[in-house]
Amino acid sequence: MTSTDVRKDAEDSGPSGYAAARLRLLTEGARSGPPRRAALAELTDDWLAGLFTAGAGDLRGVSLVAVGGYGRGELSPRSDLDLLLLHDGSDPAAVAALADRLWYPVWDLGLALDHSVRTPAEARKTAAEDLKVQLGLLDARHLVGDLGLTAGLRTAVLADWRNQAPKRLPELQELCAERAERQGELQYLLEPDLKEARGGLRDATALRAVAASWLADAPREGLDDARRRLLDVRDALHLTTGRATDRLSLQEQDQVAAELDLLDADTLLRQVYEAARVISYASDVTWREVGRVLRSRSVRPRLRAMLGGGKPVAERSPLAEGVVEQDGEVVLARAARPDRDPVLPLRAAAAAAQAGLPLSLHAVRRLAGTVRPLPTPWPAEAREQLVTLLGSGRPTVEVWEALEAEGLISRLLPDWERVRCRPQRNAVHVWTVDRHLIETAVRASEFTRRVSRPDLLLVAALLHDIGKGWPGDHSVAGEIIARDVAARIGFDRADVAVLSTLVRHHLLLVETATRRDLDDPATLRLVADAVGTESTLELLHALTEADALATGPAAWSTWRGSLVADLVRRVSAVLAGDAPEEPEPAAATAEQERLALEAAATGGPVLALRAQTEPPAEEPSGEPEPLGVELLIAVPDQPGVLPAVAGVLAMHRLTVRTAELRALDLPDGVDGSVLLLDWRVAAEYGSLPQAARLRADLVRALDGSLDIAGRLAERDAAYPRRRGVVAPPPRVTVHPAASRLATVIEVRAQDAPGLLFRIGRALEDAAVRVRSAHVSTLGANAVDAFYVTGPEGAPLPGGEATSVARKLEEMLRG
C-alpha cells in the first residue's frame, strides 16, 4: 500500500473505510517496522482529521492533538490512541459535541482510546499535578484544527518542563525505579513486559524526557536502534496474539520469532535482551549525569560565594596508574595513554570496582577507541587486574556492564560473545548466562578466604558456564574453552589443568551429594578420581556454593549445603587415604531409632510430622531458612513401600521437596528389618493433614485396600491441570559405575503431583527393590536417583537395567 493509497482510503472518514485500509496495512507482508508504524499513524491521522472536519463545522479555537506514543508516530497494531481535544474555552458545549463525534467512531471500531478535553491552562495544570500526563504532552503532535493553539501548548509545556526539571527529574527517576522493582529487568526475564520492565519502552521514553529538559542527555549510540527493535517485537506480538499486550509470554515466542523471520525463540529473546541492555545502560549513565548536574547546581552558588566568583575546579583523586576519581566517577588521568598501555582497561575497571565507583562513559569510550590489544599470553599485571576486578564483590557488576556496553569484554575474552545475552530456559535460573557468570564471581568473592588459591576460584567462577554457547554438554565444551582462555591470560600449565578440571566438574559435588548414596565407597572414589587433589576439592567446594547461590533461590539451601559439605569431608578422607573401603552402617538419631523399634514391634508404619527450620549457617542474611515439614516414617521392610508412601502424600496434596529412603539397622536382639523414610514435604495449599490420618491411609495403602491410582485419577479428572509451557520429555538413565552395591537409575522429569508414586509403582512392577532413593526438586524439574537391586540384593545385569530404565521412561512419556 502506497502513501497515495493511504490518503485515498482515508477520504472515507467513516469507520468502514478506515477499518478496511487499516486491515490491509497490517496484513501487508512487504512492510513492517518503522514504515508500517508511520503509515498506520498517517492513516489514522487522516481518518481523525476527516472526523474532526466533519464534526467541527465553523467551530474555532479548537484542535486535535496526538500525545504519548501516538504523538511520536509509533502506532503498533493494537496501540491505544492517545488524544487531546484542545480548546480555548469559548464554547464548551460545542466542544463536548465535537468530542462525541470523535470518540464514538473510535470506540465503534473496538480501538482503545485514552482521551481528554482541556484548555491549555487545564492541560498545564494537570501536567503539573501528574507526571505521566506531562510526559505524554512532551510528545504532543498537531493533527488538525487550530495550529496556533497546539503550538502554544507545546511551547508552554516544554518551558514548564525545563523550568521544573530540578524537581521533576528526581520524581521521574523514582518512578522508573519503582517500576523496575515491580516489573524486573527486561534483559533477564523469560516472559518480559516489553514496555514496563527496566530497559523497556517506558525507560526509552523517560530518556527522551530527560533530553527534553536540556539538563542531561543519554548516550545516543545504539539507543534508537534498541527502541526500534523493541517496537518491532511488540508489533509482531500484537499481530500474532490479536491483543493489546506487551507481555512476551513463553507460548507466544516462537510465533513472534517467525513473524520477525528469526531463527527461533532464543534468537528473539537474545535480541530483546540486547536492546534492553542498551537502554538500561543508557539509563544508568543518564541518571548518574542528572544527579551530578543537580548536585553541581546546589553546591556552585556556595562555592562561588566562598571563592569570590569563577568556576570551581573539579577535584581529582588518584586511584591507580593512569586512573583517577572525579566527581563520583572513575576517569582516565590526563597523562594516561591508552594507545601505549594495553592493561589500562583492566586497571581502570579494577580500580573502579575496588572503590565502588562507576566508570565514566567518556573513559570507557576512549579506552574502546584507542587501547591496543593485550599480547598473548597476557602480562602478569593484566591477569592480576582481572582477578582484582572479579574479586571486588557487588560493584563488579556495574563496572563489567560498562566495559561490555562498549565491546571491551568481547575483545578481552572473545569466547564471551557466545554467552552474551544468552537466555536460560530454566525456571531455576534467574539470569542470562553472561550475567550468571558475573554473579557467580560476585558470590565467589565472599569465599576467597576459604581457599588457598582465590585467583583460580574467581576465574573458574567466570568461566564455569562458558560452554553454554556451544552445542552438547556445556561442561565438556567449557573444559576445552577454559583451557584455552586460561593459557591465553597467562596461567601456567598446572593452573590451566586445575581451571579446566573445575569447569568440567562444576556440577559434580551438588549432583553427587543430592542424587547419590554417600555411604557407597564407589560414590566417593568417583569424585576423588575426578578432582585429583585436596586443593582442587577445596576450590570446587567453594565454586559449587557460589554457582548455586548465583543461580537462584531454588538452587541452594542450608540442607543442600550440608550434604555437599558432608561429601567434601568424605572425599577429602579418600584423598588422604583414610576412607573406609566398605559402607558403615547408617547411624540413627534417637528419634529415628525410637520410630524403628516401634515399627518393628507393631509390624506397621510409624510416623512423625514436624515443622523444620534450618539454622542460619553462613547465610549472608543470617535468616533461618524454612524448608517445609520433616516427615519421618519407619516401616517394616516389605515390597511397595515407596509407591505407597508417595501415593498417600499425593492424595493429601503434599509436595515432596526432598526424600531419602534407606534400610536401618536395628539394635542387637531385635529381629526384622526396617525402612526409614526421611522426607521434607509442604502442603500445596491449606494446612497440613494430621499425622493420624496419614498413618491410617498408609496402613491401607500397604495392605492393598486403598486404591491410590484410582483416587489420583479421579482427582485429576475433576481438576485438570492448566496447560502451560510444554516441558521437555522425561529422561531415564543408568549409571553403571556409580555403585558396585546397586544399580543407579536416574530420572529427570517435569515435577507433577503423583510423579514419585508412578515411578515407585513402575519399579515395583519391574520386580526390583529400591535400596535407597535420593529425590530432589529444582524449580519445576524433578531429579531423582534410585539405587535398585534384584530380588537377591545384587545389582541388575546391564541388559536388565537398561530394560527397566526404558520401560520407566516409556511410562513417564505416556
Side-chain angles (χ1 to χ4, degrees), residues 165-166 169-170 172-174 176-177 180 198-199 203 206-207 210-211 213-223 277-300 302-303 311-339 341 343-371 385-386 388-409 412 438 442:
L169 286 181
L172 176 58
Q173 184 179 10
E174 184 178 350
C176 291
R198 182 175 183 269
D203 278 336
L207 292 177
V210 174
S213 74
W214 290 355
L215 203 66
D217 198 4
R220 291 292 179 179
E221 288 78 3
L223 193 56
R277 190 163 293 189
V278 170
I279 295 172
S280 292
Y281 178 64
S283 297
D284 289 341
V285 172
T286 301
W287 289 121
R288 202 160 65 230
E289 178 66 9
V290 168
R292 188 191 66 77
V293 171
L294 292 180
R295 285 193 305 272
S296 174
R297 286 189 173 189
S298 66
V299 171
R300 191 172 297 157
R302 296 198 299 271
L303 283 175
K311 185 176 180 180
V313 178
E315 184 179 349
R316 297 164 71 89
S317 303
L319 295 176
E321 184 184 350
V323 184
V324 298
E325 182 269 334
Q326 176 182 306
D327 210 1
E329 292 185 326
V330 173
V331 301
L332 300 184
R334 294 187 180 94
R337 296 294 301 272
D339 56 327
D341 186 358
V343 182
L344 187 56
L346 287 170
R347 191 185 310 120
Q354 286 283 297
L357 295 171
L359 269 174
S360 82
L361 176 65
H362 175 73
V364 180
R365 287 189 171 167
R366 185 180 169 198
L367 288 168
T370 60
V371 76
Q385 296 293 351
L386 173 64
T388 301
L389 170 60
L390 296 176
S392 299
R394 185 55 51 190
T396 299
V397 176
E398 184 179 357
V399 173
W400 191 274
E401 288 178 345
L403 296 177
E404 195 169 30
E406 299 301 326
L408 281 165
I409 295 298
L412 290 167
I438 296 304
V442 169

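For clarity, every value in this text was computed on a predicted model and none was experimentally measured.
The side chain to side chain donor-acceptor pair (under 3.5 Å) search around Glu289 returns Arg292, not counting sequence neighbours. Checked against side-chain contact (heavy atoms from CB on, under 4.5 Å), Asp217 has the following partners two or more places apart in sequence or in another chain: Ala211, Arg220. Qualifying salt bridge (Lys or Arg N to Asp or Glu O under 4.0 Å) partners for Glu398, counting only residues two or more places apart in sequence or in other chains: Arg288. Applying the side-chain contact (heavy atoms from CB on, under 4.5 Å) criterion to Arg337, with sequence neighbours excluded, gives Asp339, Arg340. Here Glu325 pairs with nothing under the salt bridge (Lys or Arg N to Asp or Glu O under 4.0 Å) rule; sequence neighbours left out. Evaluation of the side chain to side chain donor-acceptor pair (under 3.5 Å) rule for Ser360 yields no partner, not counting sequence neighbours. For Arg347, the side chain to side chain donor-acceptor pair (under 3.5 Å) partners at least two apart in sequence or on another chain are Asp341, Glu381. Under the rule for a side chain to side chain donor-acceptor pair (under 3.5 Å), the partners of Glu221 that lie at least two apart in sequence or sit in another chain are Arg365. Contacts of Ala352 classified as side-chain contact (heavy atoms from CB on, under 4.5 Å), with partners at least two apart in sequence or in another chain: Val330, Leu359, Val399. The side-chain contact (heavy atoms from CB on, under 4.5 Å) check on Ala206 picks up Leu172, Cys176, with sequence neighbours excluded.
Considering only heavy atoms from C-beta on, Thr396 comes within 4.5 Å of Leu389 through its side chain. Between Pro318 and Val323 the shortest side-chain heavy-atom distance does not fall below 4.5 Å. Inter-residue side-chain proximity for Ser317 and Val324 is flagged as unmet; no heavy-atom pair is nearer than 4.5 Å. Put simply, the side chain of Arg366 reaches to within 4.5 Å of the side chain of Leu332, judged on heavy atoms. When side chains are defined from C-beta on, Glu401 does not count as touching Arg277, because their heavy atoms never get closer than 4.5 Å. With a 4.5 Å cut-off on side-chain heavy atoms, Glu406 and Leu367 do not count as touching.
The line from CG of Leu390 to CD1 of Ile438 is 6.5 Å long, rounded to the nearest 0.5 Å. Here the CG-CZ distance, from Asp203 to Arg198, works out to 7.0 Å after rounding to the nearest 0.5 Å. Taken to the nearest 0.5 Å, the CG atom of Leu207 stands 4.0 Å off from the OG atom of Ser283. To the nearest 0.5 Å, the span separating OG1 on Thr388 from CG on Leu346 amounts to 9.5 Å. Of the inter-residue distances, the one linking Arg295 atom CZ with Asp327 atom CG reads 6.0 Å to the nearest 0.5 angstrom.
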- Message: Please determine whether side-chain contact (heavy atoms from CB on, under 4.5 Å) holds for the pair Ile279 and Leu223, giving the CA-CA distance in whole Å, both sets of side-chain angles, and the decisive distance to 0.1 Å.
- Response: CA-CA 6 Å; Ile279 295 172; Leu223 193 56; 3.9 Å; yes
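Across all their heavy atoms, Ala402 and Val364 have their closest contact at O-CG1, 3.4 Å. The nearest pair of heavy atoms linking Ser392 to Ala350 is OG-O, 4.5 Å. Taking both residues in full, the closest heavy atoms of Ala320 and Ala351 are given as CB-CB, 4.2 Å, listed atom of the first, atom of the second, then distance. Closest non-hydrogen pair, Leu169 versus Trp287, comes out as O-CZ3, 3.5 Å. In terms of heavy atoms, Gly393 sits closest to Val442 at O-CG2, 3.5 Å. The two atoms that bring Gly328 and Pro358 nearest to each other are O-CD, 3.4 Å, heavy atoms only.
More than 12 heavy atoms of other shown residues, nucleotides or ligands fall within 6.0 angstrom of atom CD in Gln173.
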